[in-house]
Amino acid sequence: MSRQITVADVARRAGTSTAVVSYVMNNGPRPVAAATRERVLAAAEELGYRPNRIARALRSRTTGVVGLVLADALNPYFGALAGHVEQALAGHGRLMLIGNAGYSAERQRHLVERFLDARVDGLVIASADAGDDVAAHARAAGVPAVYLHNGPATGDTPLVTADNGQAVREAVAHLREHGHQEIAFLAGPQDTGPVGRRREIWQAATGGRGVLLRSGYARAEADTLIRRLAATGAVPRAVIAATDEQAIGLLSGACATGLPVPGGMAVIGLDGTPDSAYTAPSLTATGQPLAAMARQAVDLLLDSASPPYSPSAALVRRRSCGCEDG
């Protein structure tokens, strides 16, 4: 078994002291002449030296790692959001660890505690459960945290989310342009978080004219719902689905029952996930500003100088509402 290369080995190869090697590897605290710095880096590369991140963390009390607690890693919306968070953190020289809560509040609390035990520099919590302020545990430990997508209505932790009001009102107005006056809304099992707010805005925008439907967030559950409605002749002519996963389930069930989309039922989703462009027909959706949300969350986490705001979600018009792909 080969011996681990140490700072002392690099110092001997470069002809410097171990202190100088440490200054180079840690970018300080003392300056090092450019020629000496290059010599140390060349020696480290020749020897295959890798700094001990754990030892460095113990000395500096920072790890360079941020934890992301994700509501559901299998949901394309949260998967895309995680990718943007990772990219934003990389711009600040940070690594990201992901924990999948799987829509479990208990698992979410457990992940927060595990990340705190691992001494992460901060926490981004992309939550689906707005009940328990799990970020309070981070604040008590002196670790900065920020909620992304959803979070408790009260508390001291910043929340970054999109402007759902504009997204839903634009979806309602667009379906009316296609001649639909009664517009149904497919909500989740309960009115919580962004989905609950989207339902409230739909109700206000339609004046209560439209059927409220409910299903779980999985595609299969929305698929089952539309098959049942088709069997009873109760399919609404236009539906806004709270999530793209539900909207894709509607399209699947419609296809299975021979229900034409958009001729028999127009559909709009409210997430704008990457999958929405590749359904049959392609799904009209409000493109959530995931990149802007992720950048703002990371900026707030690492530099709390700017207040949170809600970036706007724009409607991407495709075939499922009656438009041509744009």
Does the distance from a Lys or Arg side-chain N to an Asp or Glu carboxylate O, for [X] and [Y], drop under 4.0 Å?
X: Arg319; Y: Glu324; answer: yes
X: Asp163; Y: Arg197; answer: no
X: Arg12; Y: Asp9; answer: yes
X: Asp223; Y: Arg219; answer: no

Just wondering, do [Y] and [X] contact through their side chains at under 4.5 Å, heavy atoms?
X: Arg94; Y: Leu302; answer: yes
X: Thr206; Y: Val172; answer: yes
X: Arg227; Y: Leu229; answer: no
X: Val239; Y: Phe185; answer: no

So, [X] and [Y]: side-chain donor and acceptor under 3.5 Å apart, yes or no?
X: Thr279; Y: Arg318; result: no
X: Glu221; Y: Thr224; result: no
X: Thr273; Y: Asp244; result: yes
X: Glu170; Y: Thr286; result: no
X: Asp72; Y: Tyr217; result: no

Inset, instruction - Mark yes or no for whether Arg39, through its side chain, and Ala14, through its backbone, hold a donor-acceptor pair below 3.5 Å. - result: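 Yes, because the side chain of Arg39 sits within donor-acceptor range (under 3.5 Å) of the backbone of Ala14.
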Legend entry - Any donor-acceptor N/O pair, Ser320 side chain to Val267 backbone, under 3.5 Å: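 Judged by distance alone, yes, a pair lies under 3.5 Å.
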Inset, instruction - Could you go through the side-chain contact (heavy atoms from CB on, under 4.5 Å) check for Ser215 and Leu186 one step at a time? - result: CA-CA 7 Å; Ser215 79; Leu186 176 54; 3.8 Å; yes
Inset, instruction - Of all the heavy-atom pairs spanning Val146 and Pro158, show the shortest one and how long it is. - result: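 Residues Val146 and Pro158, closest heavy atoms: CG2-O, 3.4 Å.
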Inset, instruction - Take Ile201 and Arg198, measure what side-chain contact (heavy atoms from CB on, under 4.5 Å) needs, and give me the verdict at the end. - result: CA-CA 5 Å; Ile201 297 161; Arg198 291 170 186 177; 5.8 Å; no
Give, for atom [atom1] of [X] and atom [atom2] of [Y], the distance between the pair rounded to the nearest 0.5 Å.
X: Thr161; Y: Leu148; atom1: OG1; atom2: CG; value: 8.0 Å
X: Leu250; Y: Ile268; atom1: CG; atom2: CD1; value: 12.0 Å
X: Ile226; Y: Leu213; atom1: CD1; atom2: CG; value: 7.0 Å

Inset, instruction - Say whether Leu270 and Leu290 are linked into one hydrophobic cluster, either directly or through other cluster members, by side-chain heavy-atom distances under 4.5 angstrom. - result: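 Result: no, two separate clusters.
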